[in-house]
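For reference, the structure discussed in these notes is given below.
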Amino acid sequence: MNDILAIAFSLSKTWSYRAKKDGIDSAGSFQRFVESSINLSEKVDFQTAERQFEKLKKINGWLWIYGDENYPQSLALTPNPPLVIYGVGNPKLNEEILLAAVGTRRPTPYGKRIAQMLFKDLVHEGLVLVSGLARGIDALAHQMCVDAHQPTVAVVAHGLDKIYPPEHKKLKESILHCGGTMISEYPFGIPPLAEYFPQRNRIISGLCKGTLVIEAGEKSGTRLTVNHAVEQGREVFAVPGPIDSEYSMYTNELIFNGANMVRTVEDILSFYPERTARGLDEMRKNELFKPTKTQKMILSFLDKNMPKSIEEFLSVTMIQPHEALQSLAELEIQGRVVKQLDSTYVLAG
């Protein structure tokens, strides 16, 4: 009953957000607020809330209710935490090992290579990456967790019955399959409107001890996430980049203004003493990987900074297309090559 009442209360237009939050804060918990409020249930739309709750149950979802014990404390301490968060997957997060990973939706070969290298090591060292399921750096963060069979947290700007971008449907399923979490402050039926994404960003940074930025232009929306992190008193980490790259303008600016410069994962891990290294068996398995003759040819052909296509490779070898594609897929799984957005490839770092 509390869940339905919390949904109804959060959706109600009778009170302002501030009045709702202040009421819960004064009572000490949502439960005590309900107990002390006269005729609260008569002032909210129970039917709409019940429909939302039924949809949540159908996906085996759950709620975080502001003021309750299971609500993440790091987020509760931010200036404007959501009163209700809808979730699916694992509801229990260790807030001491959460790291927000954000950046451009169109990473350069350099950005993609560095992101994969850092994310892989961070996950193996025990951190859980939190991001927004967007294209680019967000998707890379989630995918590296999935590849290591480790959890990740996706914070979305729409109802849990939607998926944006649509091509990330499989990624969402993989996140949940690997014990990850998907959350939203928006009820079912809400589409991914542009104005919701800046709001969503405060949750990404608010859940985490720190925010890592990998490639972002001067006018990048990543600024909003960093601004939230600074307001929330969290650490900000930035990866430096070429001074003539538009995708490194903001990260370099952050470093100039005092953000923690990231040269290796150790620059981040020192802020996470509670972590426990994991994934060592997976790392050893990768170290034992022996490339085939075709894979060795592919590795010799590719470059770290200049993307090349499969067609270019086939034009200078006698390898059959299906064999080349299979070999590339295995190399990508092993983290030896990186597929670009235009289906070209570069060597991983």
Distance only, no hydrogens: is a donor on one side chain within 3.5 Å (strictly under) of an acceptor on the other, for [X] and [Y]?
| X | Y | result |
| --- | --- | --- |
| R18 | N80 | no |
| E231 | N227 | no |
| N2 | Q31 | yes |
| T211 | E235 | no |
| T78 | Q232 | no |
| S315 | E312 | no |

Handout entry: Steps toward side chain to side chain donor-acceptor pair (under 3.5 Å) verdict (T251, E215)
Key = CA-CA 6 Å; T251 51; E215 287 201 320; over 6 Å; no
Main chain of [Y], side chain of [X]: is a donor-acceptor contact present, judged purely on distance under 3.5 Å?
| X | Y | answer |
| --- | --- | --- |
| R32 | A27 | yes |
| R202 | Q199 | yes |
| N201 | L224 | no |
| K20 | S12 | yes |
| R135 | P165 | no |
| E185 | L83 | no |
| N252 | P240 | no |
| H142 | L133 | yes |

Taking only residues two or more places apart in sequence or in another chain, which ones pass salt bridge (charged side-chain N to carboxylate O under 4.0 Å, His left out) with [X]?
| X | answer |
| --- | --- |
| E35 | none |
| D45 | none |
| K57 | E54 |
| D267 | R263 |

Give, for atom [atom1] of [X] and atom [atom2] of [Y], the distance between the pair rounded to the nearest 0.5 Å.
| X | Y | atom1 | atom2 | result |
| --- | --- | --- | --- | --- |
| E96 | L127 | CD | CG | 11.5 Å |
| L176 | T181 | CG | OG1 | 8.0 Å |
| R275 | L99 | CZ | CG | 12.0 Å |
| I24 | D22 | CD1 | CG | 9.5 Å |
| L122 | L129 | CG | CG | 6.0 Å |
| I137 | R106 | CD1 | CZ | 12.5 Å |

Fill in the blank from the handout: Across all chains, not counting sequence neighbours, the ring-ring contact (aromatic ring centres under 6.0 Å, His included) partners of F271 are F237
Problem - Identified side chain to side chain contact (heavy atoms under 4.5 Å, CB included) partner of I175 from the options V88, V153, T152 - result: T152
Practice task
Could you label the plane-to-plane angle of the F9 and F30 rings as parallel, tilted or perpendicular, counting under 30° as parallel and over 60° as perpendicular?
Solution key: tilted
Exercise for the section: Begin from the C-alpha positions of D25 and Y66 and carry the test side chain to side chain donor-acceptor pair (under 3.5 Å) through to its verdict. Expected result: CA-CA 9 Å; D25 286 340; Y66 177 73; 2.5 Å; yes
Practice task
Might you point out which heavy atoms bring V123 and A148 nearest each other, and give the distance in Å?
Solution key: CG1-CB, 3.9 Å
Handout entry: Test: K308 cationic atom under 6.0 Å from F301 six-membered ring centre, within 45° of axis
Key = yes
Quick one: side chains of residues 322-333, donor-acceptor pairs under 3.5 Å with protein atoms, not counting sequence neighbours, listed by atom name and distance.
{"from": "E323", "atom 1": "OE2", "to": "T294", "atom 2": "OG1", "distance (Å)": "2.6"}
{"from": "S327", "atom 1": "OG", "to": "E323", "atom 2": "O", "distance (Å)": "2.9"}
{"from": "E330", "atom 1": "OE1", "to": "Q295", "atom 2": "NE2", "distance (Å)": "2.6"}

Practice task
Look at atom OH of Y164 and say whether more than 12 heavy atoms of other residues, nucleotides or ligands are closer to it than 6.0 Å.
Solution key: no
Handout entry: Over 12 foreign heavy atoms within 6.0 Å of CD, E274
Key = yes
Please determine whether a side-chain nitrogen of the Lys or Arg among [X] and [Y] lies less than 4.0 Å from a carboxylate oxygen of the Asp or Glu.
| X | Y | value |
| --- | --- | --- |
| E95 | K209 | no |
| E246 | K219 | no |
| R223 | E218 | no |

Practice task
Give the intermediate values and the outcome of ring-ring contact (aromatic ring centres under 6.0 Å, His included) for residues Y86 and Y186.
Solution key: CA-CA 7 Å; Y86 303 80; Y186 298 104; 9.2 Å; no
